[in-house]
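Report on the structure given below.
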Amino acid sequence: MNHELRTPLNSVIGFSDLLLEGAFGSLNTRQSKYVSNILISGKNLLEIINYLLDISMLETGEKNLNYEDVDIASLLGEVRMSLISFASSKKVSVEVKVDASLENIRADRTKLRQILYSLMNNAIKLTPEKKKVTVSALKKRRDARD
């Protein structure tokens with residue numbers, strides 16, 4: 001089921017991207033707007049499918065986390081870039097602030113990316129036009145009780 005759902009959707013996303021880049025000629029403003037909507041909707045649908053497939057795997061006990069060292073600043077930047085078109089269409093700016101003392105973290109990179117994408121996507125959706133979403137990552141200081 002994984003392949004049957006993702007493959008056609010990735011095709012829709014890929015061709016939408018190519019159209020917006022002008023690979024087959026320039027689009028007028030209206031066409032650009034509609035193709036952009038197709039692209040955004042396709043990416044949102046892909047995220048929903050990924051979540052549903054993950055939940056299905058968790059319920060059957062098939063899912064394991066793959067821990068690795070993750071550069072959180074780089075990952076946040078990637079997620080920001082994947083949402084920048086959506087944010088621009090809503091006239092919302094997205095700022096990422098990462099504490100300089102924050103080092104790599106141990107996490108499942110794919111799952112963490114999905115979580116960050118979902119959080120940032122929702123923040124953009126719920127933010128009024130001409131406002132800013134700020135995402136911050138900082139190192140929590142442990143006290144003697146932790």
Side-chain angles (χ1 to χ4, degrees), residues 1-140:
M1 183 193 259
N2 182 355
H3 178 73
E4 287 78 10
L5 290 171
R6 287 184 182 158
T7 300
L9 192 51
N10 280 324
S11 182
V12 169
I13 292 168
F15 284 118
S16 298
D17 236 350
L18 286 173
L19 286 169
L20 281 176
E21 291 173 3
F24 305 108
S26 60
L27 302 175
N28 65 37
T29 305
R30 190 172 182 197
Q31 291 169 328
S32 227
K33 178 183 173 189
Y34 287 123
V35 172
S36 181
N37 287 340
I38 292 168
L39 180 61
I40 289 167
S41 296
K43 286 180 178 181
N44 288 339
L45 185 56
L46 184 59
E47 286 298 315
I48 292 167
I49 290 169
N50 287 336
Y51 292 141
L52 290 173
L53 291 171
D54 286 346
I55 289 169
S56 173
M57 287 179 176
L58 285 171
E59 288 176 347
T60 60
E62 296 178 31
K63 192 67 180 172
N64 294 319
L65 295 175
N66 299 313
Y67 289 97
E68 60 184 285
D69 286 336
V70 177
D71 177 351
I72 192 69
S74 174
L75 185 59
L76 283 168
E78 287 175 28
V79 174
R80 180 187 175 277
M81 287 308 295
S82 70
L83 288 166
I84 204 74
S85 175
F86 174 53
S88 293
S89 72
K90 286 205 63 203
K91 296 180 177 81
V92 172
S93 63
V94 180
E95 181 181 13
V96 173
K97 295 180 180 179
V98 179
D99 186 346
S101 70
L102 189 60
E103 300 166 359
N104 286 352
I105 61 171
R106 295 281 299 159
D108 182 310
R109 188 178 206 291
T110 303
K111 296 295 159 233
L112 182 56
R113 186 184 194 292
Q114 286 177 340
I115 292 165
L116 293 171
Y117 182 93
S118 180
L119 290 170
M120 290 172 73
N121 187 48
N122 286 338
I124 294 165
K125 278 184 200 173
L126 299 172
T127 299
E129 272 191 18
K130 299 180 183 174
K131 296 291 182 179
K132 178 169 57 173
V133 169
T134 302
V135 180
S136 300
L138 49 113
K139 190 172 187 175
K140 181 182 175 188

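Heavy-atom basis, side chains included; hydrogens, waters and symmetry copies ignored. Everything numeric here is computed off the predicted structure, so don't read it as measured data.
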In this structure, NZ of K90 is separated from CG of L83 (nearest 0.5 Å) by 12.0 Å
Note: V92 and T127 closest approach over all heavy atoms is CG2-O, 3.8 Å
When rounded to the nearest 0.5 Å, the distance separating CD1 of I13 from CG of L18 is 12.5 Å
In short, A137 meets I72 closest at the heavy-atom pair CB-CG1, 4.5 Å
One should read off an interatomic distance between D71 CG and L102 CG, to the nearest 0.5 angstrom, of 8.5 Å
One should read off an interatomic distance between L46 CG and N10 CG, to the nearest 0.5 angstrom, of 5.5 Å
Apply the test side-chain contact (heavy atoms from CB on, under 4.5 Å) to residues V70 and E68: give CA-CA distance (whole Å), side-chain angles for both, the deciding distance (0.1 Å), then the verdict.
CA-CA 6 Å; V70 177; E68 60 184 285; 4.0 Å; yes
Any donor-acceptor N/O pair, S89 side chain to F86 backbone, under 3.5 Å:
yes
Closest non-hydrogen contact found for S16 with I38 is OG-CG2, 3.3 Å
Can you give each donor-acceptor pair under 3.5 Å made by side-chain atoms of residues 112-123, sequence neighbours left out, with the distance rounded to 0.1 Å?
residue: Q114; atom: OE1; partner: K111; partner atom: NZ; Å: 3.3
residue: Q114; atom: NE2; partner: D54; partner atom: OD2; Å: 3.4
residue: N122; atom: ND2; partner: S118; partner atom: O; Å: 3.3

Flag, side chain of D69 to backbone of R106, donor-acceptor distance under 3.5 Å: no
Exercise. Between D17 and L39, does a side-chain contact (heavy atoms from CB on, under 4.5 Å) hold up when you go through it step by step?
Worked result: CA-CA 7 Å; D17 236 350; L39 180 61; 3.6 Å; yes
* Asked: If only atom types and distance count, is the side chain of K130 paired as donor or acceptor with the main-chain N or O of K91 below 3.5 Å?
  -> no
Please tabulate, for side-chain N and O atoms in residues 20-31, each donor-acceptor pair with protein atoms closer than 3.5 Å (sequence neighbours left out).
residue: N28; atom: OD1; partner: R30; partner atom: N; Å: 3.1
residue: N28; atom: OD1; partner: Q31; partner atom: N; Å: 2.7
residue: Q31; atom: OE1; partner: N28; partner atom: N; Å: 2.9

- Task: Applying side-chain contact (heavy atoms from CB on, under 4.5 Å), run through K132 and V94 and close with a yes or a no.
- Result: CA-CA 6 Å; K132 178 169 57 173; V94 180; over 6 Å; no
**Q.** Under 3.5 Å: donor-acceptor pair, side chain of S36, backbone of S32
**A.** no
When rounded to the nearest 0.5 Å, the distance separating CG of L75 from CZ of R80 is 14.0 Å
Q. Are the side chain of K97 and the backbone of T134 linked by a donor-acceptor contact shorter than 3.5 Å?
A. no
Scanning both residues in full, the closest heavy-atom pair of D99 with L138 reads CB-CA, 3.7 Å
